[in-house]
Amino acid sequence: MRHKSAAVALTMLLSLATLWGCSSARTVMVPVPPRVQLHSFGALGLVHFASNANLGLDAKTTREFESHIHAAQPGTRIVELGAADALLAAVGSRQLDAQALRKIGEKYGVDAIFVGSLTYSEPKAEVKVTDTTKLEGGVRFEVRGDIASKLVETRTGASVWSSSAWARRQLGRVNLSTEAGVSGTMRSGNPREEMLPALVFHLTEDFRPGTMRQRVE
């Protein structure tokens, strides 16, 4: 029995030593390249983002997008091509098809172009009842923004990258209670502009380098 107990104890000690060795293994953070390397495309064209908001927000979205690209991959050459309608008129086309893309590439010296859109929903109300006996609840008003973009080669018309992102922002809230009555709050800022940085940040995630933890033997 003593030999058996000693063997069991030795096995347990070896197992603990193995677990301790695994848990104490050293790890380091190593860089991870971006999923999409833009430098391989040469000069890139950027068509102004189109939205259902206003021209001011279109221009701001375009500047925000370009800024994120340059921050993610410094040295990326970007040529601003203006609004889609004016760009197509400049090359004598009515739609952004393969022929129009080739003309844009030749006229502006770009190998690929970014095109994108930004769409905001109408404000929506979400009703939530917290206590039916006391008639307590509230109504939350919010708006949603959806952004999408793609990178298209001018020579072939092939899409080489596409992505999308969305975000929500609260416009206001109304609370109802039989004891406290009706109360409400409204945002003082512009929720559409406020969500723009987050939308563009998530949209351009594929262009940013990252890091990952790697085990060192």
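This structure is a prediction, so every number in the text was calculated from the model and none was measured.
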J.: Give a yes or no on this: more than 12 heavy atoms of other residues, nucleotides or ligands lie within 6.0 Å of atom CG of Asp85.
T.: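 Check fails, neighbour count at 12 or below.
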J.: Using a 4.5 Å cut-off on heavy atoms from C-beta on, say whether the side chain of Gln170 contacts that of Pro191.
T.: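 No. Closest side-chain heavy atoms not under 4.5 Å.
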J.: Is the side chain of Ser93 donor-acceptor paired with the backbone N or O of Leu88 at a distance under 3.5 Å, no angle test?
T.: no
J.: Hydrophobic cluster membership, with links at side-chain heavy-atom distances under 4.5 Å among I/L/V/M/F/W/Y: are Val160 and Val36 in one?
T.: yes
J.: Minimum heavy-atom separation for Arg213 to Thr27, with atom names?
T.: NH1-OG1, 3.1 Å
J.: Output, in order, the C-alpha distance, side-chain angles, deciding distance and verdict of side chain to side chain donor-acceptor pair (under 3.5 Å) for Ser51 and Asp58.
T.: CA-CA 6 Å; Ser51 78; Asp58 293 356; 2.3 Å; yes
J.: List the atom of Leu151, the atom of Ala112, and the distance in Å for their closest heavy-atom pair.
T.: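 Closest approach of Leu151 to Ala112: CD1-CB, 3.8 Å.
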J.: Less than 4.5 Å apart, side chain to side chain, heavy atoms only: is that true for Pro34 and Pro209?
T.: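 Side-chain contact under 4.5 Å: yes.
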J.: Taking C-beta and beyond as the side chain, do Asp111 and Arg155 meet within less than 4.5 Å on heavy atoms?
T.: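 Of all side-chain heavy-atom pairs linking Arg155 with Asp111, none is under 4.5 Å.
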J.: For Leu38 versus Gln73, what's the shortest heavy-atom pair and its separation?
T.: N-OE1, 2.9 Å
J.: Is any side-chain heavy atom of Thr154 closer than 4.5 Å to one of Tyr108?
T.: no
J.: Taking the side chain as everything from C-beta on, heavy atoms only, tell me whether Glu193 gets closer than 4.5 Å to Leu57.
T.: yes
J.: Going from CG on Leu118 to CZ on Phe65, what distance comes out if it is rounded to the nearest 0.5 angstrom?
T.: 12.5 Å
J.: I need the Asp97 CG to Lys103 NZ distance, nearest 0.5 Å.
T.: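 Going from the CG atom of Asp97 to the NZ atom of Lys103 covers 8.5 Å.
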J.: What pair of heavy atoms forms the shortest contact from Leu44 to Val110, and how long is it?
T.: C-CG1, 3.8 Å
J.: Side-chain heavy atoms nearer than 4.5 Å, only ILVMFWY residues, links allowed to pass through others: does that put Leu81 and Phe114 together?
T.: no
J.: Can Leu203 be reached from Phe41 by stepping across I, L, V, M, F, W or Y side chains whose heavy atoms are under 4.5 Å apart?
T.: yes
J.: To the nearest 0.5 Å, what is the distance between NE2 on His48 and OG1 on Thr61?
T.: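 It comes to 10.5 Å.
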J.: Between atom CD1 of Ile147 and atom OH of Tyr120, what is the distance when rounded to the nearest 0.5 Å?
T.: 7.5 Å
J.: What heavy-atom pair brings Glu194 and Arg169 nearest, and what distance separates the two atoms?
T.: O-NH2, 4.0 Å
J.: So, for His70 and Thr76, which heavy atoms are closest and what is the spacing to 0.1 Å?
T.: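 Scanning both residues completely, I find the closest heavy atoms to be NE2-O, 3.0 Å.
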J.: Would a single hydrophobic cluster contain both Val152 and Leu87, if residues Ile, Leu, Val, Met, Phe, Trp and Tyr are joined by side-chain heavy-atom contacts under 4.5 Å?
T.: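 Cluster IDs for Leu87 and Val152 match.
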J.: Identify whether Val47 and Ile69 are in the same connected component of the hydrophobic contact network (ILVMFWY, side-chain heavy atoms under 4.5 Å).
T.: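 Unlinked, Val47 and Ile69 end up in two clusters.
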J.: Quick one: side chain to side chain donor-acceptor pair (under 3.5 Å) pairs with a partner in residues 199-212, sequence neighbours left out?
T.: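 Applying side chain to side chain donor-acceptor pair (under 3.5 Å) to every pair that reaches into residues 199-212, excluding sequence neighbours, yields Arg35-Asp206, Trp161-Asp206, Thr204-Arg208.
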J.: For Ser40 and Gln37, test the side chains for any donor-to-acceptor distance below 3.5 angstrom and give the result as yes or no.
T.: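 Note: Ser40 and Gln37 side chains miss the donor-acceptor criterion.
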J.: Specify whether His68 and Phe201 have parallel, tilted or perpendicular ring planes, treating 30° as the upper limit for parallel and 60° as the lower limit for perpendicular.
T.: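 Ring orientation, 0 to 90° scale: perpendicular.
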J.: Would you give the length of the straight line joining atom CZ of Arg144 to atom CD of Glu122, rounded to the nearest 0.5 angstrom?
T.: 14.5 Å
J.: Under the side-chain contact (heavy atoms from CB on, under 4.5 Å) criterion, do Val115 and Lys150 qualify, and how do the steps go?
T.: CA-CA 6 Å; Val115 292; Lys150 63 180 179 179; 3.6 Å; yes
J.: Looking at residues at least two apart in the chain, or sitting in another chain, which of them share a salt bridge (Lys or Arg N to Asp or Glu O under 4.0 Å) with Arg168?
T.: Glu142
J.: Quick one: CD1 on Ile113 to CD1 on Ile104, what's the gap to the nearest 0.5 Å?
T.: 4.5 Å
